[in-house]
Amino acid sequence: MTVTGLSAKAPAAPPAARRLTLNWQVALLGVLALLVMMSLARVVTGANDITSGGTIGAAIGLAVPIGLAALGGLWSERSGVVNIGLEGMMILGTWCGAWGALTFGTPWAGVIAGTIGGALGGLLHAVATVTFGVDHIISGVAITLLGQGVTQYLSKLVFVGMKGGGETQSPRIPPIETISVPGIGTPLRDLANTHVFLLSDLAGVLYGVTQNVSLFVILAILLVPLSFYLLWRTAFGLRLRSCGESPVAAESLGVNVYLYKYLAVVVSGALAGLGGAFLSIVAAGIYREGQTGGRGFIGLAAMIFGNWRPGGLAGGALLFGYTDALQLRQGGTSVHALLLVVAMLLAAFAVYQLVRQQRGRAALFTGIFAVLVFAVFATTDTVPEQFTSFTPHLTTLLVLSLASQRLRMPATDGLPYRKGQAT
């Protein structure tokens with residue numbers, strides 16, 4: 001009987017493997033379809049920079065600090081602690097990153113210092129929310145204000161008197177090395193410059209991700225699969241996520257809920273601080289007051305867009321980074337071409353809602369919106385410069401509104417917890 005029962009259950013594994021393969025296939029097909037749409041928009045509009053290697057490289061650089069902040073938010077909220085203070089922890093990371101690099105003469109010391117600075121902000125947030133039960137939003141806002149005030153004071157104390165430094169900025173920071181895949185840079189650049197449909201676009205994307213890539217960028221990218229592995233493939237991650245889903249049940253099984261919440265929030269701050277260090281060390285090569293520019297909050301939006309999953313938040317960060325990069329590459333012309341891509345995406349989403357989800361009313365509204373976007377594209381030749389600077393924020397709001405239908409946050413995210421409390 002036992003052998004028969006085991007043999008009856010044995011075929012259950014292949015369907016799961018097929019589902020995993022299918023998900024990867026769907027993701028690759030989606031990327032290919034998006035590249036085809038962008039290539040078509042490039043041919044129609046002549047906005048060659050929307051898939052150029054320079055745009056892709058800039059998009060990755062702009063996405064890194066947002067992605068690191070989003071990853072920090074993921075760690076915290078998976079344990080049940082809302083981290084609105086990501087912006088403040090990034091601010092601490094920008095200053096500490098610059099200070100560490102200048103003090104020890106190497107940018108990697110700045111990376112470590114920025115991580116520690118953000119972790120200290122995370123520790124303060126954990127003490128306030130986990131130990132003392134302070135409202136998570138109030139604590140996060142307070143840490144952001146504290147980060148701004150502390151870095152202003154420290155800049156006056158440390159950077160004033162240094163050559164090139166001042167009350168609002170640091171001296172120049174030594175750069176981090178970049179690497180390239182040898183032997184393919186020139187052929188890819190030449191192919192991209194031919195402007196052949198799809199082939200040149202693919203060459204541009206490959207050039208952007210393989211040439212002159214900072215080692216810091218590679219480190220940030222590796223943190224995404226590492227976080228997925230730790231949170232979804234280890235016993236540690238299962239315990240941490242259980243604290244965000246049902247801390248009472250986790251405690252009944254012997255999990256030290258306070259400890260896991262502390263660890264998660266400190267790691268969250270460290271990741272946000274790492275994103276801040278990227279801004280001062282790599283993106284600008286100098287610390288400047290206010291250089292985070294709200295990226296901590298945008299990272300929080302990217303995490304929500306990604307449905308509290310590492311892969312999804314990476315996609316959200318890349319989306320914002322890409323739209324932000326467009327304003328640096330042909331500005332209004334590139335954003336105007338993006339309108340055609342948005343119209344095609346909305347039309348495809350309307351068809352999906354109608355055919356697969358059987359949601360006729362939602363499909364109708366999405367289709368009408370697609371027509372309106374296409375009408376704006378067809379009746380204009382460019383986008384005003386004032387609008388291009390707002391494009392990343394508008395894109396974020398649009399994507400969040402479309403993605404909100406499938407979101408599922410951790411069950412006890414943001415709720416207070418006390419050891420030994422009843423269900």
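Only this structure's heavy atoms are used, side chains among them; waters, hydrogens and symmetry mates stay out.
- The shortest side-chain heavy-atom distance between T178 and V213 does not fall under the 4.5 Å cut-off.
- Side-chain atoms of T234 come within 3.5 Å of backbone atoms of G237 as a donor-acceptor pair (strictly under, hydrogens ignored).
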Worked verdict on T412 versus S246 for side chain to side chain contact (heavy atoms under 4.5 Å, CB included)
CA-CA 7 Å; T412 61; S246 180; 5.6 Å; no

Please evaluate residues I179 and I218 with respect to the criterion side chain to side chain contact (heavy atoms under 4.5 Å, CB included), reporting the C-alpha separation (whole Å), side-chain torsions for both, the decisive distance (0.1 Å), and the verdict.
CA-CA 10 Å; I179 61 174; I218 296 175; 3.3 Å; yes

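- Contact of the L35 side chain with the V31 side chain is not registered, since no non-hydrogen atoms from C-beta on lie closer than 4.5 Å.
- The shortest side-chain heavy-atom distance between T94 and T292 falls under the 4.5 Å cut-off.
- For W95 and Y153, the ring centers sit 6.0 Å or farther from each other.
- Using modelled atom types, no side-chain atom of E87 and backbone atom of T144 make a donor-acceptor pair closer than 3.5 Å.
- Heavy atoms only, all atoms of each residue included: G97 and A277 are closest at CA-CB, 4.3 Å.
- Sequence neighbours left out, the pairs with a member in residues 198-210 that pass salt bridge (charged side-chain N to carboxylate O under 4.0 Å, His left out) are R42-D201.
- When every heavy atom of I176 is checked against every heavy atom of L215, the shortest pair comes out as CG2-CB, 4.1 Å.
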Quick one: do V141 and I84 satisfy side chain to side chain contact (heavy atoms under 4.5 Å, CB included)? Show the steps, please.
CA-CA 6 Å; V141 172; I84 295 293; 4.3 Å; yes

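- Residues in residues 110-138 take part in no ring-ring contact (aromatic ring centres under 6.0 Å, His included) pair, two or more places apart or across chains.
- Closest non-hydrogen pair, N83 versus L300, comes out as O-CD1, 3.9 Å.
- With rounding to the nearest 0.5 angstrom, the CG atom of L92 is 7.0 Å from the CG atom of L146.
- Under a 3.5 Å cut-off, the side chain of D324 and the backbone N or O of F320 do not form any donor-acceptor pair.
- For the pair Y417/V257, a side-chain contact is recorded, criterion being any heavy-atom separation below 4.5 Å from C-beta on.
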Audit row: I50, Y322, side chain to side chain contact (heavy atoms under 4.5 Å, CB included) steps and yes/no:
CA-CA 9 Å; I50 64 173; Y322 176 76; 3.4 Å; yes

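- No more than 12 heavy atoms of other residues, nucleotides or ligands lie within 6.0 Å of CZ in R239, so this atom counts as exposed by the packing criterion.
- Pairing each heavy atom of P171 with each of K163, the nearest pair is CB-O, 3.2 Å.
- When side chains are defined from C-beta on, I221 counts as touching V217, because their heavy atoms get closer than 4.5 Å.
- The main-chain N or O of W75 is never found under 3.5 Å from a side-chain atom of S268 such that the two would form a donor-acceptor pair.
- Residue pairs meeting the ring-ring contact (aromatic ring centres under 6.0 Å, His included) criterion with at least one member in residues 350-385, sequence neighbours excluded, are H336-F377.
- Between E77 and K261 there is no salt bridge, since none of the side-chain N atoms of the basic residue sits less than 4.0 Å from a carboxylate O of the acidic one.
- L34 contributes atom CG, which lies 6.0 Å from atom CE of M38 (distance to the nearest 0.5 angstrom).
- Distance alone, capped at 3.5 Å, places no donor-acceptor pair between the Q353 side chain and the G367 backbone.
- The backbone N or O of V181 sits less than 3.5 Å from a side-chain atom of Q211, completing a donor-acceptor pair.
- Closest approach of A203 and L188 over heavy atoms only: CB-O, 3.6 Å.
- In this structure, the separation between OG1 on T333 and CG on L338 is 12.5 Å, given to the nearest 0.5 Å.
- Remark: E289 engages Q152, T168, Y287 in a side-chain contact (heavy atoms from CB on, under 4.5 Å) (not counting sequence neighbours).
- T323 places a side-chain N or O within 3.5 Å of a backbone atom of L319 that can act as its donor or acceptor partner.
- Residue pairs meeting the ring-ring contact (aromatic ring centres under 6.0 Å, His included) criterion with at least one member in residues 213-241, sequence neighbours excluded, are F216-F278, F228-W232, F236-Y260.
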Donor-acceptor pairs under 3.5 Å, side chain of residues 53-62 to any protein atom, not counting sequence neighbours: which ones?
{"residue": "T55", "atom": "OG1", "partner": "D49", "partner atom": "O", "Å": "2.5"}
{"residue": "T55", "atom": "OG1", "partner": "S52", "partner atom": "OG", "Å": "3.0"}

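- You'll find the side chain of I304 stays beyond 4.5 Å of the side chain of L313, heavy atoms only.
- The structure places CG of L279 at 13.5 Å from CD1 of I286, a figure rounded to the nearest 0.5 Å.
- Here the side chains of S280 and I173 are in contact, with some heavy-atom distance below 4.5 Å.
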Decide side chain to side chain donor-acceptor pair (under 3.5 Å) for S79 and Y262; before the verdict, give the C-alpha distance in whole Å, the side-chain angles of both, and the deciding distance to 0.1 Å.
CA-CA 9 Å; S79 73; Y262 259 87; over 6 Å; no

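- A distance of 4.0 Å separates CG of N212 from OG of S180, quoted to the nearest 0.5 Å.
- S227 OG to L271 CG: the interatomic distance, rounded to the nearest 0.5 Å, is 6.0 Å.
- Between R78 and R309 the shortest side-chain heavy-atom distance falls below 4.5 Å.
- The neighbour count for R418 CZ, taken as heavy atoms of other residues, nucleotides or ligands under 6.0 Å away, is above 12.
- Across M90 and R295, no two heavy atoms sit closer than the pair SD-C, 4.0 Å.
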